[in-house]
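These numbers come from a predicted model, not from an experiment.
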Amino acid sequence: MPLPVAIAATLQLLLAVTFLVIPVTVWFTGTAAQRAAEAEVARQGHSPDVLARHGIRFAERAWEFMLALTIAAILIVLAALNLTGSPSGRLLSWIAEPLILLGVGLITTGQVFATRYTQAAFKRSGDAATRAIDARLVIAAASSGFPAWLRPLVLARFALTVLGSLLVIILLAVPAAGAYFG
């Protein structure tokens, strides 16, 4: 097996792992993070429902959980197909990776830049009191509800989504990969 194919499949598997670990972790700890964020909003003198009104959530919904597991399964299948030299794995990777780059890239950007996203959501509010909420403190409070290792893993998923997806596309296009998929 050529090294570019092995690296591409490894990147797909690493990204799949993040789509298993992060949602499971958030499923079990997101409610605590949500409560901590709401308590911080209340401490700042605002109604905790201001978060919901602005689309700011830290708990995982069932459909989000299932979507993440589905993405993980797709990535695992693609990696397995690529490792076995299946031409369909390469073709499907070329279709799936740009979709992952765009779709997941947008979602993970909001997670990586949560403070900025939250600040922007509050600033767009028509309510002056909401615009005064300190988003940094809200995000810090929510983060206290998650394990300390979750944030670095979110950053790793972002890198694997953006850079890793681009690299997978390129690696599967090099001549050595082409010969392998024959």
Using the rule that two of Ile, Leu, Val, Met, Phe, Trp, Tyr join whenever any of their side-chain heavy atoms come within less than 4.5 Å, decide whether [X] and [Y] are in one cluster.
X	Y	value
Leu67	Leu15	yes
Leu14	Ile100	yes
Ile169	Leu3	yes
Phe158	Ile71	no
Ile76	Leu91	no

For the student: nearest non-hydrogen atoms of [X] and [Y], plus distance:
X	Y	answer
Thr130	His46	N-CE1, 4.3 Å
Ala142	Ala33	O-CB, 3.2 Å
Pro2	Ala176	CG-O, 3.4 Å
Ser165	Leu101	CB-CB, 4.0 Å
Pro98	Ile95	CD-O, 3.4 Å
Gly164	Leu11	O-CD1, 4.0 Å

Taking the side chain as every heavy atom from C-beta outward, state whether [X] and [Y] have any atom pair closer than 4.5 Å.
X	Y	value
Phe181	Asn82	yes
Glu38	Leu51	yes
Leu155	Val112	yes
Leu75	Leu13	no
Phe19	Val104	yes
Arg131	Arg124	no
Leu160	Gln12	no
Met1	Tyr180	yes

Once you round to the nearest 0.5 Å, how far does [atom1] of [X] lie from [atom2] of [Y]?
X	Y	atom1	atom2	result
Ile74	Leu69	CD1	CG	11.0 Å
Arg90	Leu78	CZ	CG	13.5 Å
Glu97	Leu102	CD	CG	11.5 Å
Leu150	Thr29	CG	OG1	6.5 Å
Ile7	Leu167	CD1	CG	7.5 Å
Thr115	Arg136	OG1	CZ	8.5 Å

Can any side-chain N or O of [X] pair as donor or acceptor with the backbone N or O of [Y] at less than 3.5 Å?
X	Y	result
Ser144	Ala141	yes
Thr10	Ala6	yes
Arg57	Ala59	yes

Original post:
For Phe122, what residues pass the ring-ring contact (aromatic ring centres under 6.0 Å, His included) criterion, not counting sequence neighbours?
Top reply: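 Phe122 satisfies ring-ring contact (aromatic ring centres under 6.0 Å, His included) with His54 only.
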Original post:
Any Lys/Arg nitrogen of Arg35 or Glu40 sitting under 4.0 Å from an Asp/Glu carboxylate oxygen of the other?
Top reply: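 No, Arg35 and Glu40 are not salt-bridged.
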Would you say [Y] and [X] are linked by a side-chain donor-acceptor pair, where the criterion is simply a distance under 3.5 Å?
X	Y	answer
Asp134	Gln44	no
Thr84	Ser86	no
Ser47	Asp49	yes

Subject >> Qualifying residue for side chain to side chain contact (heavy atoms under 4.5 Å, CB included) with Leu153, from Ile22, Thr25, Val17 >> reply: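 That would be Ile22.
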Original post:
Would Val24 and Phe65 count as a side-chain contact (heavy atoms from CB on, under 4.5 Å) if you check the C-alpha gap in whole Å, the side-chain angles of each, and the deciding distance to 0.1 Å?
Top reply: CA-CA 8 Å; Val24 169; Phe65 183 77; 3.9 Å; yes
Original post:
Is the charged tip of Arg151 near the ring of Phe146: under 6.0 Å from the six-membered ring centre and within 45° of its axis?
Top reply: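 Relative to the ring axis of Phe146, which defines the angle, Arg151 lies outside at least one limit.
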